[in-house]
Colleague: 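Provided herewith is a single structure, encoded as structure tokens, for subsequent inquiry.
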Amino acid sequence: VEAFEAKQCRERRIVRDGVSGDPISFKMTMNGTETSATFAPAALLYYHFSRYFHAHVAVPVSVYRSMDRQQHFERVVRTGVAVSSGSGSSAMNRAGWKTLAEGAKNPASYRPTRELYTANGALIYGVMLQTDGRRYGAEINGTRESGWGAGQNRDFQETAPYLALRHDGPLKDAIRHGIERSRQNPILRKAMPTDPTSTQMAFWMTEIAEIVLLDFIFSQQDRVGNIDYVDLWHWMEDGKLRTAQATTAEPPAGISDFGPERLRRSVINDNDAGGKLQYANFAKTTTMLQKLRHFPPGTYQRLQRMVADFEASGPIYRWLSESFGLSERQIKQVVTNAVQAGAILADSCRAGRLQLSLEPETLLTGEWPDKSSVACSEQ
């Protein structure tokens with residue numbers, strides 16, 4: 001460890017040469033008055049609940065990690081303070097390192113102390129995660145013409161996949177509407193110069209519906225502009241969806257006989273501005289769930305089951321309460337948001353406004369999943 005840090009860390013940047021793998025992030029909670037907003041447990045919430053929902057959108061594995069407070073100061077913070085003092089660092093970045101330096105001397109200087117340090121103050125903790133993918137442009141993240149906050153979240157709802165999600169017609173009509181309507185905006189037309197395939201649109205719609213649901217439940221305030229993607233080959237084999245990393249324009253010889261389709265699949269790597277009561281829940285305040293007219297049936301069922309469990313203080317509720325280091329108020333917020341989300345979607349479904357037929361894998365078989373596979377009341 002000492003030899004590695006002496007060699008690699010002296011350059012005071014992420015060094016990729018001479019290491020055996022890609023960088024891994026260690027994210028800690030940081031919500032000072034002059035810092036950016038970060039809440040480490042949010043990454044754990046997103047990872048584990050995305051698994052519960054069997055989400056199509058990828059969420060990086062997040063692992064709890066603690067470290068001796070003084071060791072962290074000597075090995076990490078001291079250098080961070082020095083590097084951030086230069087002109088190339090933002091004021092929020094400098095403030096964050098300064099806050100960590102003060103906390104290393106006196107953990108109680110950070111409030112709430114329990115969100116950054118263990119009970120006795122001996123350890124600092126956060127999450128480790130390894131991100132993947134590249135950042136989408138305006139075609140998914142929106143134009144962001146209206147500035148940070150509610151404005152850019154409304155811009156996000158004018159992208160082709162979101163406009164398709166808002167359309168009342170069958171999936172085929174919704175996809176066509178989303179593409180045509182979005183192309184009226186010159187920024188979106190430039191970001192997506194050619195029409196995506198129906199399969200690509202169906203996967204995007206599914207992933208965005210999942211993102212909106214997760215962001216609504218966890219009060220995420222910093223999603224727009226932070227959605228990434230990876231390129232994957234998709235094909236059906238023995239009745240099952242298969243995928244493989246796409247690094248070339250043509251499919252590898254081993255899968256070419258299956259007629260694979262190259263698709264961009266969404267990844268949400270940045271999930272650290274959720275979970276706290278102080279964060280602005282833009283998915284809720286800009287009524288994203290209420291506007292949905294298409295939704296994946298499996299996600300709908302699992303949401304309603306989770307709501308029933310929360311209301312009965314069942315095993316999922318106990319898991320939420322005991323596994324993520326949340327305060328009672330933070331737990332209550334998650335439960336309240338989930339119950340509201342379930343009610344919004346159930347009301348839309350019973351009123352005939354929501355179609356539970358968004359199953360994008362079906363398009364790879366040449367069929368259109370227009371008929372809902374579950375009833376509104378099914379759990």
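Computed over heavy atoms, backbone and side chain alike; hydrogens, waters and symmetry mates excluded. Source: prediction; values computed, not measured.
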Colleague: Rounded to the nearest 0.5 Å, how far apart are CG of Leu44 and NE2 of His48?
Modeller: 5.5 Å
Colleague: Ignoring hydrogens, what is the shortest heavy-atom contact between Leu356 and Ala375? Give both atom names and the distance.
Modeller: CD1-O, 4.4 Å
Colleague: What distance separates Thr143 OG1 from Gln152 CD, expressed to the nearest 0.5 Å?
Modeller: 9.0 Å
Colleague: Would you say that Glu359 contacts Pro297 through its side chain, given a criterion of any heavy-atom pair below 4.5 Å between the two side chains?
Modeller: yes
Colleague: Has Glu207 got a side-chain atom pairing as donor or acceptor with Ser266's backbone, closer than 3.5 angstrom?
Modeller: yes
Colleague: Specify the closest pair of heavy atoms between Ser66 and Leu123, including all atoms of both residues, with the distance to one decimal.
Modeller: OG-CD1, 3.8 Å
Colleague: Taking atom CD of Gln200 and atom CZ of Arg262, what is their separation to the nearest 0.5 Å?
Modeller: 11.0 Å
Colleague: Would you check if the side chain of Lys291 reaches a backbone N or O of Leu163 as a donor-acceptor pair within less than 3.5 Å?
Modeller: no
Colleague: Does Met236 reach the side chain of Leu241, with side-chain heavy atoms less than 4.5 Å apart?
Modeller: yes
Colleague: Can you tell if the side chain of Ile179 reaches within under 4.5 Å of the side chain of Pro196, non-hydrogen atoms only?
Modeller: yes
Colleague: Grouping I, L, V, M, F, W and Y whenever their side-chain heavy atoms are under 4.5 Å apart, do Phe216 and Leu292 come out in a common cluster?
Modeller: yes
Colleague: Any chance you could measure Arg69, atom CZ, to Gln71, atom CD, to the nearest 0.5 Å?
Modeller: 12.0 Å
Colleague: Would you sort out whether Gln130 and Val61 count as a side-chain contact (heavy atoms from CB on, under 4.5 Å), showing the intermediate values?
Modeller: CA-CA 7 Å; Gln130 189 169 31; Val61 178; over 6 Å; no
Colleague: Name all pairs fulfilling the side-chain hydrogen bond (donor to acceptor under 3.5 Å, both in side chains) condition that reach into residues 160-170, sequence neighbours left out, sorted by first residue then second.
Modeller: Glu158-Arg166, Asp168-Arg293
Colleague: Side-chain heavy atoms under 4.5 angstrom apart, residues restricted to Ile, Leu, Val, Met, Phe, Trp, Tyr: same cluster for Val57 and Val212?
Modeller: yes
Colleague: Would you mind reporting whether Asn226 and Arg135 have side-chain heavy atoms less than 4.5 Å apart?
Modeller: yes
Colleague: Counting only N and O atoms by type, is there a donor-acceptor contact under 3.5 Å from the side chain of Thr362 to the main-chain atoms of Glu367?
Modeller: no
Colleague: Below 30° counts as parallel, above 60° as perpendicular, anything between as tilted: where do the rings of His56 and Phe203 land?
Modeller: perpendicular
Colleague: Checking Asp215 side chain against Gln220 main chain: does a donor-acceptor pair fall under 3.5 Å?
Modeller: no
Colleague: According to side-chain contact (heavy atoms from CB on, under 4.5 Å), who are the partners of Val267, at least two apart in sequence or on a separate chain?
Modeller: Ala58, Asp228, Val230, Asn269
Colleague: Quick one: pull up CG in Asp222 and CG in Asp272 and give me the separation to the nearest 0.5 Å.
Modeller: 7.5 Å
Colleague: Evaluate the salt bridge (Lys or Arg N to Asp or Glu O under 4.0 Å) criterion for residues Asp270 and Arg223: first the C-alpha distance (whole Å), next the side-chain angles of each, then the deciding distance (0.1 Å), finally the verdict.
Modeller: CA-CA 8 Å; Asp270 194 347; Arg223 172 64 58 215; over 6 Å; no
Colleague: First locate atom CG of Asn93, then atom OG of Ser36, and finally report the distance between them rounded to the nearest 0.5 Å.
Modeller: 7.5 Å
Colleague: Should Lys27 and Leu129 count as side-chain neighbours, where that means a heavy-atom distance under 4.5 Å?
Modeller: yes
Colleague: Is it the case that over 12 heavy atoms from other parts of the model lie below 6.0 angstrom from the CD atom of Glu102?
Modeller: yes
Colleague: Examine distances only and state if a side-chain atom of Tyr125 and a backbone atom of Tyr64 form a donor-acceptor pair shorter than 3.5 Å.
Modeller: no
Colleague: Working note: Ser146 + Asp155, criterion side-chain hydrogen bond (donor to acceptor under 3.5 Å, both in side chains); need CA distance, chi angles, decisive distance, verdict.
Modeller: CA-CA 7 Å; Ser146 303; Asp155 295 337; 3.0 Å; yes
Colleague: Verify, without hydrogens or angle tests, whether Gln330 (side chain) and Ser327 (backbone) share a donor-acceptor contact under 3.5 angstrom.
Modeller: yes
Colleague: Residues two or more places apart in sequence or in another chain: which of them pass salt bridge (Lys or Arg N to Asp or Glu O under 4.0 Å) with Arg114?
Modeller: none
Colleague: Can Met205 and Ile175 be said to form a side-chain contact (heavy atoms from CB on, under 4.5 Å), step by step?
Modeller: CA-CA 9 Å; Met205 292 168 68; Ile175 287 174; 3.9 Å; yes
Colleague: Hydrophobic clusters here meaning ILVMFWY residues chained together by side-chain heavy-atom distances under 4.5 Å, can you tell me if Val307 and Val335 are in one?
Modeller: yes
Colleague: Report the C-alpha separation of Phe218 and Tyr279 in whole Å, then their side-chain angles, then the decisive distance to 0.1 Å, and conclude whether the side-chain contact (heavy atoms from CB on, under 4.5 Å) test is met.
Modeller: CA-CA 10 Å; Phe218 298 127; Tyr279 292 160; over 6 Å; no
Colleague: Is the cationic atom of Arg302 (NZ for Lys, CZ for Arg) positioned less than 6.0 Å from the six-membered ring centroid of Phe53 and within 45 degrees of its normal?
Modeller: no
Colleague: Could you check if a side-chain atom of Asn141 sits within less than 4.5 angstrom of a side-chain atom of Ile227, using non-hydrogen atoms only?
Modeller: yes
Colleague: Specify the closest pair of heavy atoms between Ile268 and Ile211, including all atoms of both residues, with the distance to one decimal.
Modeller: CG2-CD1, 3.8 Å
Colleague: How about Phe282 and Trp148: are their ring centroids closer than 6.0 Å?
Modeller: yes
Colleague: Taking CZ in Arg134 as the centre, count heavy atoms belonging to other residues, nucleotides or ligands within less than 6.0 Å. Is the count above 12?
Modeller: no
Colleague: Which residues end up grouped with Phe4 if you chain together Ile, Leu, Val, Met, Phe, Trp and Tyr wherever their side-chain heavy atoms are less than 4.5 Å apart?
Modeller: Val19
Colleague: Is Leu277 isolated, or which residues cluster with it under the ILVMFWY side-chain rule of less than 4.5 Å, directly or via members?
Modeller: none
Colleague: Can you check whether Trp319 reaches Asp309 side chain to side chain, under 4.5 Å on heavy atoms?
Modeller: no
Colleague: Would a single hydrophobic cluster contain both Ile316 and Leu213, if residues Ile, Leu, Val, Met, Phe, Trp and Tyr are joined by side-chain heavy-atom contacts under 4.5 Å?
Modeller: yes
Colleague: Of all the heavy-atom pairs spanning Arg94 and Gly86, show the shortest one and how long it is.
Modeller: NH1-O, 3.8 Å
Colleague: Using a 3.5 Å distance criterion without hydrogens, assess whether the side chain of Asn337 forms a donor-acceptor pair with backbone atoms of Ile217.
Modeller: yes
Colleague: Do Ser357 side-chain atoms and Pro369 backbone N/O form a donor-acceptor pair below 3.5 Å?
Modeller: yes
Colleague: State whether Lys276 and Glu115 are salt-bridged, where the test is any N-O pair (Lys NZ or Arg NE/NH1/NH2 against Asp/Glu carboxylate O) under 4.0 Å.
Modeller: yes
Colleague: May I ask you to check whether Trp204 and Tyr136 show a side-chain donor-acceptor distance below 3.5 Å?
Modeller: yes
Colleague: Closest heavy-atom contact between Ala174 and Gly169?
Modeller: CB-O, 4.3 Å
Colleague: Among Ile, Leu, Val, Met, Phe, Trp and Tyr joined by side-chain contacts under 4.5 Å, find the other residues sharing a cluster with Leu116 and list them by chain and number.
Modeller: Ile24, Phe26, Met28, Met30, Met67, Phe73, Val76, Val77, Val81, Trp97, Leu100, Tyr110, Tyr117, Ile124, Met128
Colleague: If I compare all heavy atoms of Arg183 with all of Met192, which pair ends up nearest, and what's the gap?
Modeller: NH1-O, 2.7 Å
Colleague: With under 30° as parallel and over 60° as perpendicular, where do the rings of Phe49 and Tyr52 fit, or are they tilted in between?
Modeller: perpendicular
Colleague: Are the side chain of Glu261 and the backbone of His234 linked by a donor-acceptor contact shorter than 3.5 Å?
Modeller: no
Colleague: So Arg78 and Glu74, salt bridge (Lys or Arg N to Asp or Glu O under 4.0 Å) or not? Walk me through it.
Modeller: CA-CA 6 Å; Arg78 189 188 296 276; Glu74 295 295 335; 2.9 Å; yes
Colleague: Are the side chain of Arg176 and the backbone of Ala164 linked by a donor-acceptor contact shorter than 3.5 Å?
Modeller: no
Colleague: Less than 4.5 Å apart, side chain to side chain, heavy atoms only: is that true for Thr38 and Asn31?
Modeller: no
Colleague: Assigning hydrophobic clusters by single linkage (Ile, Leu, Val, Met, Phe, Trp, Tyr; side-chain heavy-atom cutoff under 4.5 Å), is Ile344 placed with Phe310?
Modeller: yes
